[in-house]
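Chain identifiers are assigned alphabetically (A, B, ...) following the order of the sequence lines, protein sequences preceding nucleic acid strands; residue numbering begins at 1 within each chain. Since this is a predicted model, take the numbers as computed values, not measurements.
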Number of protein chains: 4
Amino acid sequence: MEDYQKEVDEWFKEQHWDYWEPLAITTRLFEEGGEFARLVNHVYGPKKKKLDEHVQDMEEEIGDIIYTLICFANSHGINLDAAIRKSLDKVVTRDKDRFTK
Amino acid sequence: MEDYQKEVDEWFKEQHWDYWEPLAITTRLFEEGGEFARLVNHVYGPKKKKLDEHVQDMEEEIGDIIYTLICFANSHGINLDAAIRKSLDKVVTRDKDRFTK
Amino acid sequence: MEDYQKEVDEWFKEQHWDYWEPLAITTRLFEEGGEFARLVNHVYGPKKKKLDEHVQDMEEEIGDIIYTLICFANSHGINLDAAIRKSLDKVVTRDKDRFTK
Amino acid sequence: MEDYQKEVDEWFKEQHWDYWEPLAITTRLFEEGGEFARLVNHVYGPKKKKLDEHVQDMEEEIGDIIYTLICFANSHGINLDAAIRKSLDKVVTRDKDRFTK
């Protein structure tokens, strides 16, 4: 993720853009998450559609969510690789606990 | 809210519709919330727009969220008046506690 | 809903509270929606739990979502009864169209 | 992201876990997004708190969101690097269009 974070950061600097304020980025995350939700409901909800026509759109929505998170992370000096590492370790550890008990 | 809940319920019965399954309604709530978020960001986010052109749209998005909640409530036998009552009382009580301490 | 809106409004005036800014209320809506989502996943997700132990909690989460919407509506002069009316009419109309075509 | 996706996939296989169904993952995304929103409101909302005490928690919430997306992507054969690439290119292209007009 480091390369993506750098790329976005350089792009923002080049364009003299500021990152949005945190509440606006969070609202944007809600919006992007909502678009993803619409798509999932469209395919898997009450009136099921064929998945393969929509995998590309899903890819796009997920990309937009992660881009939003990159913007937030960059404006807070958060290293996303470290963030992901921690979450993965949590899953593994949580599970190990469960099995040793 | 009782009248609205009844109206929706009668309408669903008349049309022989089933309420969606809970995970699909929740995904729908995410979607509707996301549309509301987009509108709020559009008006109050980085590139501010005039509010008065969008109040009608906001009304509509909020209505859709509440409609989604009515569907969930109806499919779970939840009385929305009781639900709202409880939340309002919480605010009042929480506050009273704060002032008497 | 008119009575609930008035009650909240009077309470805020009495306490000399201001409504939060729109982006903060939207972020709050995301938070409250997320709590509702957690509960739904807890009951209907991969490790199903008994519903009846959690209907009360669901009622509470839905109440909190609607309370958040009341705050937003009040700070924007939105009449929630009109908002709900419009959404219900949309469902009915959408459906009628479908059947007459 | 490829390495993270592989790692999660191998872990799930080793544990004989199935990925959750799409509506449950989406509901989970709502939940994780909501936890992130709570934290942002806590720091930047009406009653501002000091940021530096909470950057670690933010990192954690963002990691959890991305982990949720990894699970969804893995269960749909979506390559997250391609997804991110596409979103970044969109930002760049969108911007170029704006300046050439």
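Of the atoms belonging to Val55(A), heavy atoms from both backbone and side chain fall under 4.5 Å from chain D. Both the backbone and the side chain of Leu23(A) come within less than 4.5 Å of a heavy atom of chain D.
Under the ring-ring contact (aromatic ring centres under 6.0 Å, His included) criterion, the residue pairs touching residues 50-69 of chain D are His42(D)-His54(D), with sequence neighbours excluded. Counting only residues at least two apart or in different chains, salt bridge (charged side-chain N to carboxylate O under 4.0 Å, His left out) contacts with residues 67-88 of chain A comprise Arg85(A)-Asp89(A), Arg85(A)-Glu7(D), Lys86(A)-Glu59(D). For the salt bridge (charged side-chain N to carboxylate O under 4.0 Å, His left out) condition, the pairs that include at least one residue of residues 35-46 of chain D, sequence neighbours left out, are Glu35(C)-Arg38(D), Arg38(C)-Glu35(D).
You'll find the side chain of Gln56(D) stays beyond 4.5 Å of the side chain of Glu60(D), heavy atoms only.
Looking only at heavy-atom pairs under 4.5 Å with chain D, the residue among Asn79(A), Leu88(A), Ile70(A), Val8(A) that has the most is Leu88(A).
Between His76(A) and Phe36(D), a ring centre-to-centre spacing not shorter than 6.0 Å is recorded.
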Checking Tyr19(D) against Asp9(D) for the side-chain hydrogen bond (donor to acceptor under 3.5 Å, both in side chains) test, could you report, in this order, the C-alpha distance in whole Å, the side-chain angles of both residues, the deciding distance, and whether it holds? CA-CA 9 Å; Tyr19(D) 290 110; Asp9(D) 214 47; 2.7 Å; yes

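The stretch residues 25-34 of chain A places Thr26(A), Leu29(A), Phe30(A) near chain D, each with some heavy atom under 4.5 Å from a heavy atom of that chain.
Remark: side-chain polar atoms of Gln5(D) are paired, donor with acceptor, to backbone N or O of Leu80(D) under 3.5 angstrom.
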